Protein chains: 2
Amino acid sequence: MADIARLAGVSVSTVSRALAGSSLVNEATRLRVAELARSLNYTINVGAQNLRLKQNRTIAVVVPYDPATRQHLSDPFFLSLIGSLADALTDRGYEMLVSRVDVNRLDLAAQSYEAGRAAGIVLVGQWHHHEQLNELAVRGVPLVVWGAQLPGQAYATVGSDNVAGGQQMTRHLIERGARRIAFMGDTALEEIGQRHRGYLQALAEARLQADPALTRQVPFETAAIEHAVETLLADGTDFDALFCASDLMAMTAIGALQRLGRRVPQQLRVGGYDDIALAAHYHPSLTTVRQPIEAAGEQLVAALLEQLDGARPASRQLLTELVLRDSSR
Amino acid sequence: MADIARLAGVSVSTVSRALAGSSLVNEATRLRVAELARSLNYTINVGAQNLRLKQNRTIAVVVPYDPATRQHLSDPFFLSLIGSLADALTDRGYEMLVSRVDVNRLDLAAQSYEAGRAAGIVLVGQWHHHEQLNELAVRGVPLVVWGAQLPGQAYATVGSDNVAGGQQMTRHLIERGARRIAFMGDTALEEIGQRHRGYLQALAEARLQADPALTRQVPFETAAIEHAVETLLADGTDFDALFCASDLMAMTAIGALQRLGRRVPQQLRVGGYDDIALAAHYHPSLTTVRQPIEAAGEQLVAALLEQLDGARPASRQLLTELVLRDSSR
DNA sequence: TTGAAAGCGCTAACAT
DNA sequence: ATGTTAGCGCTTTCAA
């Protein structure tokens, strides 16, 4: 900026004003400065600008990861969510800082905020850490979490309506003639718990008995899913449909079922959750509950920016949509 | 920092030194300052620190996107690559700034570098923009690109050995008895072009005639892939195997083939490229060429950091591995 | 071992 | 319409 000032024969303040498009500066000088800036390939030093303005147009997107399972960023749904956040933030002129943080040290998620690196935090995935997140929010960290809405929650969440989603899928399977629907997923995770609640509600509506043996606690791990399928078949549990807590889980389960000689959907209807890109191209194509991922990114960003504008954290739920495909035909 | 100084009864310089672990500071003061910092939940303002030190521990990861097709960040391979970069950068104490940029304005990719936001750039995907990238490199922008190595290239690339990969898959299909192997992909993209070259080499090795009608120029778009499959079947082209330039393409193609009544692999063997997570769980599970994605992130980061240390840009190729699964059985 | 002071690149009163 | 000056939070000479 000093260089430009010298070359343009004005002071740095004028350059600053010219570049900022201030009306206080003569049109001719403005053009001269702009031209010079362009030819010198000048771009403003955002760090210095932020320092001075105490402003910040960077949002930290934090991905919790479990060091025990070494389960890194890999679920296509979360990966796509990051893509969608990148789009939403870019559109609004924000930059996106991505980091991963140990789920057991979620308080570290706030670091980039407290260090002045980021204006706010988007946490991709709630896990079991409701309490820790509440603490962050109480500390005043601008925070939005992708996940389920919980009672007594001081932070904002954006998530799909998991109860409704669980209900939609279960109703659909019942409509298709299923009477004994197995549910697979880790219900200790709030989002999954809510989907399970929807499942139970739909069963009750249809006056179907909910058999606890049909609910299988299964984490998001290939081996565990395959093992759960084997057990389900081996222990002689009677079931005619399977509702999996995510598409990835459903695809893995279908793979295992087919390897064990079961045909989907002829012998067994299967439903997933998420509607990841591949769900449509899987074979059989996967009936699933769509979580609107583009909207997810936008709403997460919108909810956060509202907080930055001083609004109280407000959660939002996105509508889910049942997507009918072959796996439940 | 001023607060800590006041509370500790020392100057800010001493606090700065204490926090930086300078040996110039009394052990007792150091501990007192550290304790105070912890209790105040203090974290250093990285922006100010960077400004002062003219250092920078942020790397910009830039994702080119095509505004025409509105094809955003969606291929699982690239998404996973971002995950892997996040891991590699975090491990080395760097932060990751993610942005997308119009493929037609790749020069903008350098902005975060020139604005002092980032110490260097990782570009995820080379597209057709060899020339533009060279310009950036010549301008002195520390830059690493995921893609193919090209003659006369001033920037560093990290990529898998696409020729070898194409060869591995083609040899394998030939070994399995295929004689007329169709190739599907956009060979104008350098990486795909090299895979195609490997394909041709393997055919030549086996003294098989390469029929141009078997090479189909198909972009990475669902509709185009499905259309290509339909055409391939409809125009009576004789082929007994299909090699797709990516797993996503292979899965989409298999879906289309099955919908049109062809059985994979019984009537037609299919191979993919990438080995995305889902390839193992697809049905039939997908024979593919693995691009080692964890290594990819690490090597991209390593190649970039070398440049930051003053080394000349050096490209690297990663070994591919043929992964045998059911789709080619 | 510590403190005072200058300056990283920028913006915004305040003065002209 | 422009320039002067102070200061954002930090590090580092230089002096004590």
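All of these numbers come straight from a predicted model, not from anything done at the bench.
Pairs engaging residues 4-14 of chain A under the side chain to side chain donor-acceptor pair (under 3.5 Å) rule: Asp3(A)-Arg6(A), Ser11(A)-Ser13(A), Ser11(A)-Thr14(A) [sequence neighbours left out]. Counting only residues at least two apart or on different chains, the salt bridge (Lys or Arg N to Asp or Glu O under 4.0 Å) pairs with a member in residues 24-36 of chain B are Glu27(B)-Arg30(B), Glu35(B)-Arg38(B).
Taking the side chain as every heavy atom from C-beta outward, Trp146(A) and Leu81(A) approach each other to under 4.5 Å. No side-chain heavy atom of Glu95(B) sits less than 4.5 Å from a side-chain heavy atom of Leu89(B). Contact annotation: the side chain of Val33(B) approaches that of Ile4(B) to within less than 4.5 Å [non-hydrogen atoms, C-beta and beyond]. Under the 4.5 Å side-chain criterion, counting only non-hydrogen atoms from C-beta, Ile293(A) is in contact with Phe77(A).
Here the C1' atom of nucleotide dC8(C) and the CE atom of Met1(A) are 14 Å apart, to the nearest Å.
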For residues 299-309 of chain A, which side-chain donor-acceptor pairs fall under 3.5 Å, sequence neighbours excluded?
{"residue": "Gln299(A)", "atom": "OE1", "partner": "Arg316(A)", "partner atom": "NH1", "Å": "2.7"}
{"residue": "Glu306(A)", "atom": "OE1", "partner": "Arg316(A)", "partner atom": "NH2", "Å": "3.1"}
{"residue": "Glu306(A)", "atom": "OE2", "partner": "Arg316(A)", "partner atom": "NH2", "Å": "2.4"}
{"residue": "Gln307(A)", "atom": "OE1", "partner": "Leu143(A)", "partner atom": "N", "Å": "3.4"}
{"residue": "Gln307(A)", "atom": "NE2", "partner": "Leu143(A)", "partner atom": "O", "Å": "3.0"}

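Between the two ends of the helix from dT1(C)-dA16(D) to dT16(C)-dA1(D), each summarised by a five-pair axis, the helix axis turns through 40° (rounded to 10 degrees).
Near DNA chain C, defined here as any heavy-atom distance below 4.0 Å, there are no residues from residues 108-117 of chain B. Within residues 50-59 of chain B, the residues having any heavy atom under 4.0 Å from DNA chain D are, by residue number, Arg52(B), Leu53(B). Within residues 12-25 of chain B, the residues having any heavy atom closer than 4.0 Å to DNA chain D are, in order of number, Ser13(B), Ser16(B), Arg17(B). Residues from residues 33-46 of chain B lying near DNA chain D, meaning a heavy-atom separation below 4.0 Å, are Tyr42(B), Ile44(B), Asn45(B) in numerical order.
Every residue two or more places apart in sequence or in another chain that forms a side chain to side chain contact (heavy atoms under 4.5 Å, CB included) with Gln132(B) is listed here: Leu106(B), Asp107(B), His129(B). Legend: residues meeting side-chain hydrogen bond (donor to acceptor under 3.5 Å, both in side chains) with Asn134(B), ordered by chain and number and at least two apart, are absent. In terms of the side chain to side chain contact (heavy atoms under 4.5 Å, CB included) criterion, Glu131(A) has no residue partners (sequence neighbours excluded).
Heavy-atom contacts of chain B under 4.0 Å fall on DNA chain D between two terminal nucleotides, which in 5' to 3' order are dG9(D) to dT13(D).
Judged by distance alone, the side chains of Ser160(B) and Gln317(B) never bring a donor and an acceptor atom under 3.5 Å apart. Checked by atom type, the side-chain pair Arg117(B)/Thr58(A) shows a donor-acceptor distance below 3.5 Å.
The two residues Ile59(B) and Ala119(B) come nearest to each other via the heavy atoms CD1-CB, 4.3 Å. Of all the heavy atoms in Arg57(B) and Gly93(B), the pair that sits closest is NE-O, 3.3 Å.
Salt-bridge formation is not detected for the pair Asp87(B)/Arg92(B): no Lys NZ or Arg NE/NH1/NH2 atom is positioned less than 4.0 Å from an Asp or Glu carboxylate oxygen.
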